[in-house]
2 protein chains.
Amino acid sequence: MTLPRPRTRIQRKNITAILEAALEVFSQYGFRGATLDQIAQASGLSKPNLLYYFPSKEAIHAALLAQLLDTWLDPLRALDPAGDPRQELLAYVRRKLEMSRDFPRESRLFANEILQGAPRIMDAIEGELKPLVDEKAAVIRGWSAAGKIADVHPYHLIFSIWALTQHYADFDVQVRAVLGEEGADPFPEAERYLDMLFTKLLAV
Amino acid sequence: MTLPRPRTRIQRKNITAILEAALEVFSQYGFRGATLDQIAQASGLSKPNLLYYFPSKEAIHAALLAQLLDTWLDPLRALDPAGDPRQELLAYVRRKLEMSRDFPRESRLFANEILQGAPRIMDAIEGELKPLVDEKAAVIRGWSAAGKIADVHPYHLIFSIWALTQHYADFDVQVRAVLGEEGADPFPEAERYLDMLFTKLLAV
DNA sequence: ATTTAATTTGACCAATTGGTCAGGATTACG
DNA sequence: CGTAATCCTGACCAATTGGTCAAATTAAAT
């Protein structure tokens with residue numbers, strides 16, 4: 001059995017550049033709307049050079065989705081059943097909002113996939129996300145039953161956390177346009193607002 | 001001056017079919033990712049036939065966006081400064097959720113435009129949406145100052161209504177996949193959940 | 001029934017798209 | 001330094017894309 005060669009300096013440089021450029025283009029235009037020429041140009045390579053590193057447009061896209069899914073579930077996984085319910089949920093909200101602030105394009109890549117009907121990530125949704133959500137929903141339901149937090153529908157609670165945090169990434173241009181100069185950076189106020197919203201919602 | 005001829009039976013039929021088909025395709029794939037062939041096929045016409053009614057792909061898309069923008073702002077416009085603040089805001093939430101339920105593709109068309117950086121609707125956002133939001137934000141701020149509702153950041157309140165209601169349309173495939181068979185129709189529970197969320201949030 | 005207007009579409013077009021490939025250029029390594 | 005490996009790209013390809021157009025067909029008006 002042959003060991004795969006370690007990645008060369010140039011490979012590491014160019015693969016990074018390609019994925020960075022592809023994230024920009026795919027997150028904006030989706031899979032069908034993105035072109036290899038756009039990605040090649042944005043990465044500073046020629047199209048055949050880009051295809052030297054990735055066999056196809058599909059492969060680039062798949063690599064991005066794999067990266068995304070590798071980290072997207074971590075915040076929900078971190079929800080500790082043994083922890084303080086309110087702190088755990090507020091920490092989850094904060095973590096999700098931070099991700100929207102720090103990885104807006106990844107959020108938009110995901111949104112784009114969902115808008116298309118999730119053709120490439122439905123396996124991951126059904127196979128990983130759903131079981132995880134089911135598990136955490138049961139935890140939340142237990143917390144409610146024990147009177148530790150208000151009685152809320154666990155699934156809709158989780159959806160609301162996703163909706164409220166991802167919105168700042170996915171609809172970023174709208175949020176910034178509506179806020180104008182006054183709200184140059186929406187995230188500090190968003191964090192305060194969401195903290196308050198969920199604190200009140202969960203209060204017994 | 002020549003009066004425009006009224007639309008013929010066939011024109012009405014075919015223009016409707018084209019816009020219906022185009023809404024399906026554009027809301028899924030965005031402008032760049034959609035093709036005239038797809039739209040033609042979905043509308044039951046040939047491509048040249050489709051182009052007999054609309055001069056270009058751009059023109060079809062523009063017609064859809066014009067329709068969308070014509071109705072999208074109505075619920076916020078209906079927020080009555082003289083009404084009961086809590087009832088007005090809860091009515092707005094309900095109306096927005098109904099729109100997500102009844103016009104999910106329109107919501108996704110809008111989301112797609114925003115993900116692309118809003119290249120074709122930024123004039124409408126800055127020229128119509130922002131002034132309207134500014135106006136209603138001032139109303140909400142007045143309500144808070146008068147102690148009629150809790151002191152919340154008006155803009156983030158409005159964003160949260162958009163985020164929470166549109167999510168059910170935009171992320172519909174994810175919501176339904178996570179809920180599985182148990183949540184065949186998420187909207188009744190969503191309405192209850194959002195009523196409660198905003199009731200608690202706005203409570204003084 | 002005839003004429004005029006509207007509608008439909010196969011064939012075609014230039015440009016774009018996701019790729020392929022051979023050969024030259026650059027890099028890495030002994 | 002020489003050589004092997006890696007990297008790069010102009011030229012090319014078939015398929016697709018947003019259209020165009022003239023002639024045939026259908027619908028509406030007289």
Side-chain angles (χ1 to χ4, degrees), chain A residues 2-65 109 112-113 116 119-120, chain B residues 2-65 109 112-113 116 119-120:
Chain A
T2 327
L3 285 185
R5 277 179 172 276
R7 282 200 171 150
T8 67
R9 172 185 68 90
I10 292 180
Q11 284 174 349
R12 291 196 304 275
K13 169 170 161 291
N14 286 339
I15 288 172
T16 299
I18 291 166
L19 290 176
E20 182 71 22
L23 178 59
E24 190 67 40
V25 178
F26 282 130
S27 66
Q28 188 167 359
Y29 297 111
F31 182 78
R32 279 191 53 89
T35 70
L36 285 174
D37 271 325
Q38 275 179 310
I39 297 169
Q41 187 162 49
S43 61
L45 306 184
S46 66
K47 187 175 52 160
N49 196 186
L50 175 123
L51 290 167
Y52 174 77
Y53 292 97
F54 289 89
S56 65
K57 181 179 170 185
E58 186 86 46
I60 303 171
H61 193 249
L64 283 177
L65 286 183
L109 179 68
N112 229 308
E113 273 315 292
Q116 284 170 52
R120 299 173 202 88
Chain B
T2 328
L3 285 185
R5 277 180 174 277
R7 281 197 171 156
T8 66
R9 172 186 67 91
I10 294 180
Q11 285 175 349
R12 291 197 304 275
K13 170 172 160 289
N14 285 340
I15 288 171
T16 299
I18 291 168
L19 290 177
E20 182 68 22
L23 178 58
E24 190 66 40
V25 179
F26 281 129
S27 66
Q28 188 166 359
Y29 298 112
F31 181 77
R32 278 192 54 88
T35 69
L36 285 173
D37 271 326
Q38 276 178 311
I39 296 169
Q41 186 161 48
S43 61
L45 305 183
S46 66
K47 187 174 54 161
N49 197 185
L50 176 123
L51 290 167
Y52 174 77
Y53 292 96
F54 288 89
S56 65
K57 180 177 169 185
E58 187 85 46
I60 304 171
H61 193 247
L64 283 176
L65 287 183
L109 179 69
N112 228 307
E113 274 314 292
Q116 286 171 51
R120 300 173 200 85

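Just so we're on the same page: letters track the sequence lines, and every chain starts at 1.
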Within the structure shown, what part of the strands sits under 4.0 Å from B:L51 by heavy-atom distance: base, sugar-phosphate, or nothing? base

With sugar-phosphate meaning primed atoms plus P, OP1 and OP2, does A:R7 contact a base, only sugar-phosphate, or nothing at under 4.0 Å between heavy atoms? nothing

Rounded to whole angstrom units, what separation is found between the CD atom of B:Q41 and the P atom of D:dT17? 11 Å

Can a donor-acceptor pair under 3.5 Å be found between the side-chain atoms of B:K57 and the base atoms of D:dG19? no

Contacts of type side chain to side chain donor-acceptor pair (under 3.5 Å), residue B:Q28, not counting sequence neighbours: none

With under 30° as parallel and over 60° as perpendicular, where do the rings of B:H61 and B:F26 fit, or are they tilted in between? perpendicular

Answer yes if the side chains of B:Q41 and B:D37 hold a donor-acceptor pair under 3.5 Å, and no otherwise. no

With a 4.5 Å heavy-atom cut-off, do B:N14 and B:F54 have their side chains touching? no

Ordered by number, residues from residues 17-28 of chain B within less than 4.0 Å of DNA chain C (heavy atoms) are none

Taking atom P of C:dC21 as reference, at what distance in whole Å does atom CG of A:N49 sit? 17 Å

Classify B:F54 by what it touches in the nucleic acid, base, sugar-phosphate, or nothing, heavy-atom distance under 4.0 Å. nothing

To the nearest angstrom, how far is A:Y29 atom OH from C:dT17 atom P? 12 Å

Look at all strands and tell whether B:A34 reaches a base, only sugar-phosphate, or nothing, counting heavy atoms closer than 4.0 Å. sugar-phosphate

